[in-house]
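Heads up, the thing below is written out as structure tokens.
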Protein chains: 2
Amino acid sequence: MDQAAFMALALDQARMGFEEGGVPVGAVLVGAAGRLLGAGRNRRVQQGDPIAHGEMDCLRQAGRLRSYAGTTLFTTLTPCLMCAGTIVQFGIPRVVIGENRSFAGNEAFLRQRGVAVTVLDDPACHALMRRFQAERPAVWAEDIGA
Amino acid sequence: MDQAAFMALALDQARMGFEEGGVPVGAVLVGAAGRLLGAGRNRRVQQGDPIAHGEMDCLRQAGRLRSYAGTTLFTTLTPCLMCAGTIVQFGIPRVVIGENRSFAGNEAFLRQRGVAVTVLDDPACHALMRRFQAERPAVWAEDIGA
């Protein structure tokens, strides 16, 4: 599978989250050989869990790994500082981001710490977030601590 | 309750974690008026959950809050970068740390971003971590991505 296909899986997760009434951010973790290790989505609303951002839920679903060497984390939205700190702490070497227009994320923080970051600027990821931000601004503000 | 009493609650959580076979780090979140908002402990081993550090589990237990203004997070061990990033992202203004001898944490990262940090250098917190690190080095290495 190529980059676009993995991002499509992350976007599927985000859409599921939106349908559930949640924050529509999805993520997938992919191993060195292109194997899907985990998929997740923001579940703040669904589980009443403030730490369940898309990236965090994905890492939880992937379970305990001895090492994140060779992995790539695909996320529909550029990471907040919780998720960016986690990426660095876990030693995830590569992050592919759907879009960074609807949120000022932490690409510089990641790159300064050696993480390879690619931003796809995917219109479908962006459109879903814009719709969510317009329809449920209070939930969005809560999720990013704004 | 004073600082020492809240740290004692966090240490109780850490000891519960140790008894369960887990990583013995505990945390409590305290509101502006001194009300206990949540308590948690590292549950990597117990729940197979790599993001369930003590601080993260505590924030999950506290549930959705509209604001963390006025809160203090007590943790038996200085935070890793996942937990430090979360503290900044959530706007938690104050962190009280049990000890920072058994792990090189992120006090400077927190202070640079305006978080008030107190390190108690508590011998009981330190002794518990030292025992864990000596008895279960592989679990400890996995938990901090070493």
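Chain naming here is simple, since letters A, B, ... match the order of the sequence lines and numbering starts at 1 in each.
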Between [X] and [Y], is there shared hydrophobic-cluster membership here, with clusters defined by ILVMFWY side-chain heavy atoms closer than 4.5 Å?
X      : Y      : value
A:I92  : B:M56  : yes
A:V23  : A:M7   : no
A:L128 : A:M16  : no
B:V96  : B:L29  : no
B:V30  : B:L120 : yes

Self-check item: Side-chain heavy-atom pair A:R64, B:V45 within 4.5 angstrom cut-off
Solution: yes
Quiz item: From B:R60 CZ over to A:I51 CD1, what is the distance, rounded to the nearest 0.5 angstrom?
Solution: 4.0 Å
Quiz prompt | CG on B:L81 to CD1 on A:I87, rounded to 0.5 Å | solution =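 Those atoms lie 10.5 Å apart.
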Quiz prompt | B:E142/A:R66 salt bridge by N-O under 4.0 Å criterion | solution = no
Quiz item: Looking at A:A138, A:G48, A:A62, which one has more heavy-atom pairs under 4.5 Å with chain B than the rest?
Solution: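 Heavy-atom pairs under 4.5 Å are most numerous for A:G48.
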Quiz item: When only pairs under 4.5 Å are counted, which of A:G63, A:G145, A:A52 shares the most heavy-atom pairs with chain B?
Solution: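 With the most close heavy-atom pairs to chain B, the winner is A:G63.
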Quiz item: What are the two closest non-hydrogen atoms of A:F90 and B:P50, and how far apart are they?
Solution: CZ-O, 3.4 Å
Exercise. Determine the minimum heavy-atom distance between B:Q89 and A:M82, stating which atoms define it.
Key: CB-N, 3.9 Å
Quiz item: Top residue by heavy-atom pair count (under 4.5 Å) with chain A, among B:N106, B:I144, B:L65?
Solution: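 Highest number of pairs under 4.5 Å: B:I144.
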Practice problem: Report, as yes or no, whether the 6.0 Å neighbourhood of atom CZ on B:R101 holds more than 12 heavy atoms from other residues, nucleotides or ligands. | Solution: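 No, because the 6.0 Å sphere around CZ of B:R101 holds 12 heavy atoms or fewer from other groups.
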Quiz item: Given a strict heavy-atom distance threshold of 4.5 Å, which part of B:A141 is in contact with chain A: side chain, backbone, both, or neither?
Solution: both
